[in-house]
Amino acid sequence: MSMISGIQGQLLDVTVVACNKLRNTELFSRQDPYVCIEYAHSKFRTRTCTDGGRNPTFQEKFQIPLIEGLRELNVSVGNSNTFRSDDFIGSGRIQLQRVLSQGYDDSSWPIQTENLKAAGEVKLIMHFSGTSQKHNTSTSTPYGPPSAWPYGQRPYGQSPPLSAYPPAGGYPYPAPPSCPPLYPGGGYPPPPMINLYPPTAYPPSPYPLPYGRQPYQTPPAQTYPPPPTGLPPYYQPAGPYPGTYPQLYKP
């Protein structure tokens, strides 16, 4: 395990989350637990969880100034009483090696009675920011131009400066001789417009009719009187008495 140094005066964040399966010190009612933390000469106490019973919840945070060479906390749990002294539930020691080396610890720590019997456990969440600061300082690499990095080891996401690229149109190579001359307007002449469809005259020609059918033609207007049809006119035969019916004679 690597030695941890340089923690003098830095702050350790300790959050008392809850207690689980505490020893019950009450016979006819629910106990009112609270948690105390001691580190060197610093002492901290949570609020009393009224009727918390064996599984109280606290969610209280404390900031503890660290001392070089001291790597553990002392934690104790008590039961608050109104008319008599408080009851002792249990106590234990919290080791700080993990939080000081990794920067985070969310373990549950067991507590014991004075006779070393199990009295439950205390859930703590601890944060130490000094570990991340040391890690960033030791692993950071100063930024430099692309030529300062070994081949293939340039940091991902860092593009070379603009000075590393040649300016637009600044290449010294001349154009190949086989290139056609440029158009006077700057560039190549536009291609000629090609009409894929032949021009149509107005009015458009009618669509072809099926085989054997003739187009419909409007008959010419008739004049009065109508022209002769080629037949002789009809004349009524003359009788003996024009305009009268023939009379019958008796024999």
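Atom CG of Leu22 is separated from atom CG of Asn79 by 9.5 Å, given to the nearest 0.5 angstrom. We find the CG-CD distance between Leu100 and Gln95 to be 10.5 Å, quoted to the nearest 0.5 Å. One distance of note links CZ of Arg71 with CD1 of Ile7; it measures 3.5 Å at 0.5 Å rounding. Atom NZ of Lys123 is separated from atom SG of Cys19 by 12.0 Å, given to the nearest 0.5 angstrom. To the nearest 0.5 angstrom, Tyr34 atom OH is 9.0 Å from Thr46 atom OG1.
Not a single donor-acceptor pair under 3.5 Å links the side chain of Gln31 to the backbone N or O of Leu27. Under the 3.5 Å distance criterion, the side-chain polar atoms of Asp87 are left unmatched by any main-chain donor or acceptor of Asn81. In this structure a side-chain-to-backbone donor-acceptor pair under 3.5 Å is present from Asn24 to Glu26.
Look at Arg23 and Glu114 and you find no salt bridge, because none of the NZ, NE, NH1 or NH2 atoms lies under 4.0 Å from a carboxylate O.
Considering every non-hydrogen atom in both Gly53 and Pro33, the closest pair reads O-CG, 3.4 Å. Residues Ala119 and Thr113 come closest through the heavy atom pair CB-CG2, 3.8 Å.
Considering only heavy atoms from C-beta on, Leu11 stays 4.5 Å or farther from Leu66 through its side chain. Leu73 places a side-chain heavy atom less than 4.5 Å from the side chain of Ile64. Counting heavy atoms from C-beta on, the side chains of Lys61 and Val16 never come closer than 4.5 Å. You'll find the side chain of Val75 stays beyond 4.5 Å of the side chain of Trp109, heavy atoms only. You'll find the side chain of Tyr104 stays beyond 4.5 Å of the side chain of Met126, heavy atoms only. The shortest distance between side-chain heavy atoms of Val77 and Val122 falls below 4.5 Å. With a 4.5 Å cut-off on side-chain heavy atoms, Cys49 and Asp32 do not count as touching. Between Asn74 and Arg93, some side-chain heavy-atom pair lies under the 4.5 Å cut-off.
Each of Leu96, Val14, Asp13, Leu12 was checked for a side-chain contact (heavy atoms from CB on, under 4.5 Å) with Phe128, and the lone residue meeting it is Leu12.
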### Message
If you apply the rule salt bridge (charged side-chain N to carboxylate O under 4.0 Å, His left out), what do you find for Glu60 with Arg47, and how did you get there?
### Response
CA-CA 8 Å; Glu60 293 191 37; Arg47 60 177 177 82; 3.6 Å; yes
#### Entry: Pair Asp105-Ser107, side-chain hydrogen bond (donor to acceptor under 3.5 Å, both in side chains): steps then yes or no
CA-CA 6 Å; Asp105 191 357; Ser107 305; 2.7 Å; yes
### Derivation of the side-chain contact (heavy atoms from CB on, under 4.5 Å) call for Glu121 and Ile111
CA-CA 5 Å; Glu121 59 184 14; Ile111 57 176; 5.9 Å; no
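Partners of Arg54 under the salt bridge (charged side-chain N to carboxylate O under 4.0 Å, His left out) rule, at least two apart in sequence or in another chain, do not exist in this structure.
Linking Ile, Leu, Val, Met, Phe, Trp and Tyr residues whenever their side-chain heavy atoms come within less than 4.5 Å places Ile67 and Phe44 in a single cluster.
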